[in-house]
Amino acid sequence: MSKGFLQIFEKLYAYYGPQYWWPADTVFEMLIGAILVQNTNWNNVEKALIRLRPVLHPEKIASLKTDELAALIRPSGYYNVKAKRIKAFLAWFKKYDYNIDKIKQLSLVDLRKQLLNIRGVGKETADCMLVYAFEKPIFIVDTYARRLFKRIGLQMPDDYDDFRTQVEASLPDNPKLYNEYHALIVEHGKVHCKRKPICYECPLFHVCDQQIEDNIT
DNA sequence: TTCCCGGACT
DNA sequence: AGTCCAGGAA
C-alpha cells in the first residue's frame, strides 16, 4: 500500500505544502475562470480576468453582447467559443438568482448533472466548479493526474468517471482533501512531472516507476 | 478527428 | 517556426 492515492497525496502535501486554491477573489470569478482556463495556460487567463474585472459580476456580464464579451476575454484564446460558454453558464446560474448558497444545497449528483447539461461545461470543468465553488468532494481528472498516475506505474482506466471513482474509492469523503489534491497534482505536474519529467528532487521518486535513464536533470 | 485560438517559451 | 497549455463540441 505504498502507492495508495492517500499516500501519494500526503507525500505531495508534505513537499509542496497547502496550495490555497482556487486563485480567485470571489466564487464568481472562480466559476468564470474555470471556463476561461479550458486548454489554456493560467497566465493567459489572468490577462483575460484583468480585462473582465470591471464587469466581473453576473448581471453585468449577462448584459454584454456575446461578441463584446468575446473581445474582453480575447487573451485567453478560443474567445468566441468561451464567450458562448460563459453566456450559457450564466443562463443556468440565473435560475438560482446567481446565488451560490442556493446551489450548494443541491446534492453532488444532482448538481453535477445540471452542470454537465450546460453547453461548454464538460466533466473536468464541472468537477472543478464542484470542488472549488460549491465545496463538493469529487476527484478532478485532468491531464496532469492521468500522466502522474500512469508514470508512477498504476494502470488507470481511460474513461473519465472510471478513473475518478477508482481514485475516490481509497479517499475519505472530504471536500478539503479533493480541493488540495487537485491543486497539488497541478503544481507537481508543472514543477516535476512535466511531459518531459524532471525527476531530480521529485517528492514521489521512491514510489515512481520512471526509468533512471530518463532522469537527465 | 478536427476545430476553436492567444501568448510564453524554446 | 514550432510547441504547449486547468478542454469541449460536432
Side-chain angles (χ1 to χ4, degrees), chain A residues 9 12 16 18-53 66-92 112-136 138-151 156-164 167 175 177-198 216-217:
Chain A
F9 168 81
L12 291 175
Y16 296 104
Q19 300 298 301
Y20 307 106
W21 270 36
W22 181 292
D25 292 340
T26 64
V27 176
F28 181 65
E29 181 181 329
M30 181 277 144
L31 290 164
I32 298 301
I35 294 173
L36 293 178
V37 79
Q38 291 170 352
N39 199 36
T40 303
N41 66 57
W42 185 252
N43 193 27
N44 288 0
V45 175
E46 282 193 315
K47 294 179 186 301
L49 284 173
I50 288 171
R51 295 158 61 100
L52 259 188
R53 189 82 53 191
T66 303
D67 56 335
E68 292 174 331
L69 177 57
L72 285 174
I73 63 174
R74 180 171 46 82
S76 73
Y78 309 103
Y79 48 84
N80 286 318
V81 173
K82 288 175 179 174
K84 288 180 194 168
R85 292 177 180 179
I86 289 171
K87 284 285 192 176
F89 174 79
L90 284 172
W92 172 81
R112 188 169 195 257
K113 281 180 186 168
Q114 292 198 38
L115 290 172
L116 290 175
N117 262 340
I118 301 170
R119 196 58 60 105
V121 177
K123 288 174 180 175
E124 184 178 339
T125 303
D127 291 345
C128 279
M129 291 175 169
L130 285 167
V131 168
Y132 294 106
F134 305 118
E135 299 175 58
K136 302 292 186 183
I138 193 164
F139 184 79
I140 299 161
V141 181
D142 65 343
T143 56
Y144 289 131
R146 290 184 188 278
R147 186 162 70 209
L148 170 61
F149 291 147
K150 178 177 182 178
R151 214 170 246 167
M156 303 296 295
D158 289 331
D159 178 79
Y160 185 101
D161 286 307
D162 290 344
F163 190 114
R164 178 176 65 79
V167 175
L177 171 70
Y178 289 104
N179 176 316
E180 203 66 67
Y181 207 162
H182 175 65
L184 286 166
I185 288 173
V186 171
E187 179 67 10
H188 182 60
K190 287 180 175 175
V191 175
H192 284 106
C193 208
K194 312 204 273 192
R195 202 173 68 81
K196 191 181 169 88
I198 299 175
I216 309 301
T217 50

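Lettering of chains follows the sequences in order, A, B, ..., and the numbering in each one begins at 1. All heavy atoms count here, side chains included; hydrogens, waters and symmetry mates do not.
The base of dG6(B) is paired with the side chain of Asn44(A) by a donor and an acceptor separated by under 3.5 Å.
Heavy-atom neighbours of Lys87(A) NZ from other residues, nucleotides or ligands within 6.0 Å: above the threshold of 12. Other residues, nucleotides and ligands contribute over 12 non-hydrogen atoms within 6.0 Å of the CG atom of Asp161(A).
Using a 4.5 Å heavy-atom threshold, the side chains of Arg151(A) and Leu148(A) count as separate. Using a 4.5 Å heavy-atom threshold, the side chains of Arg147(A) and Arg195(A) count as touching. When side chains are defined from C-beta on, Phe89(A) counts as touching Ile118(A), because their heavy atoms get closer than 4.5 Å.
Rounded to whole angstrom, the span from the CD1 atom of Ile118(A) across to the P atom of dG8(C) amounts to 12 Å. For the pair Leu115(A) CG and dG8(C) C1', the interatomic distance rounds to 15 Å; values are reported in whole Å. Counting to the nearest Å, the P atom of dG7(C) and the CG atom of Asp158(A) are 17 Å from each other. For the pair Arg51(A) CZ and dG7(B) P, the interatomic distance rounds to 8 Å; values are reported in whole Å. As a whole-Å value, the separation of Asp142(A) CG from dC4(C) P is 17 Å. Distance Lys196(A) NZ to dT10(B) P: 13 Å, rounded to the nearest Å. To the nearest angstrom, C1' of dC3(B) lies 16 Å from CZ of Arg119(A). Rounding to whole angstrom units, CE of residue Met129(A) and P of dG7(C) are separated by 13 Å.
A heavy atom lying under 4.0 Å from DNA chain B marks the following residues of residues 73-92 of chain A, by number: Arg74(A), Pro75(A), Gly77(A), Tyr78(A), Tyr79(A), Asn80(A), Val81(A).
Taking a cutoff of 4.0 Å between a charged side-chain nitrogen and a carboxylate oxygen, Arg112(A) and Asp127(A) qualify as a salt bridge.
Residue Val121(A) is in sugar-phosphate contact alone, with no base atom involved, counting any heavy-atom pair closer than 4.0 Å across all strands shown. Across all strands, Lys190(A) comes closer than 4.0 Å to base atoms (heavy-atom distances).
For the P atoms, the distance linking dG8(C) with dG7(B) amounts to 22 Å, nearest Å. Separating the P atom of dT3(C) from that of dT2(B) is a span of 16 Å, rounded to the nearest Å.
For Glu124(A), taking side-chain heavy atoms from C-beta onward, the closest of the listed nucleotides dA9(C), dG7(C), dG7(B) is dG7(C).
Taking 4.0 angstrom as the limit, Arg147(A) places a side-chain polar atom (N or O) nearer than this to OP1 or OP2 of dC5(C).
Each of Ala126(A) and Arg195(A) lies near DNA chain C, and the nucleotide nearest Arg195(A) is the one positioned closer to the 5' end. Between Gly120(A) and Pro23(A), it is Pro23(A) whose nearest contact on DNA chain C lies nearer the 5' terminus.
Applying the side chain to side chain contact (heavy atoms under 4.5 Å, CB included) test to Asp142(A) and every residue at least two apart in sequence or in another chain returns Glu124(A), Tyr144(A), Ala145(A), His182(A), Ile185(A), Val186(A).
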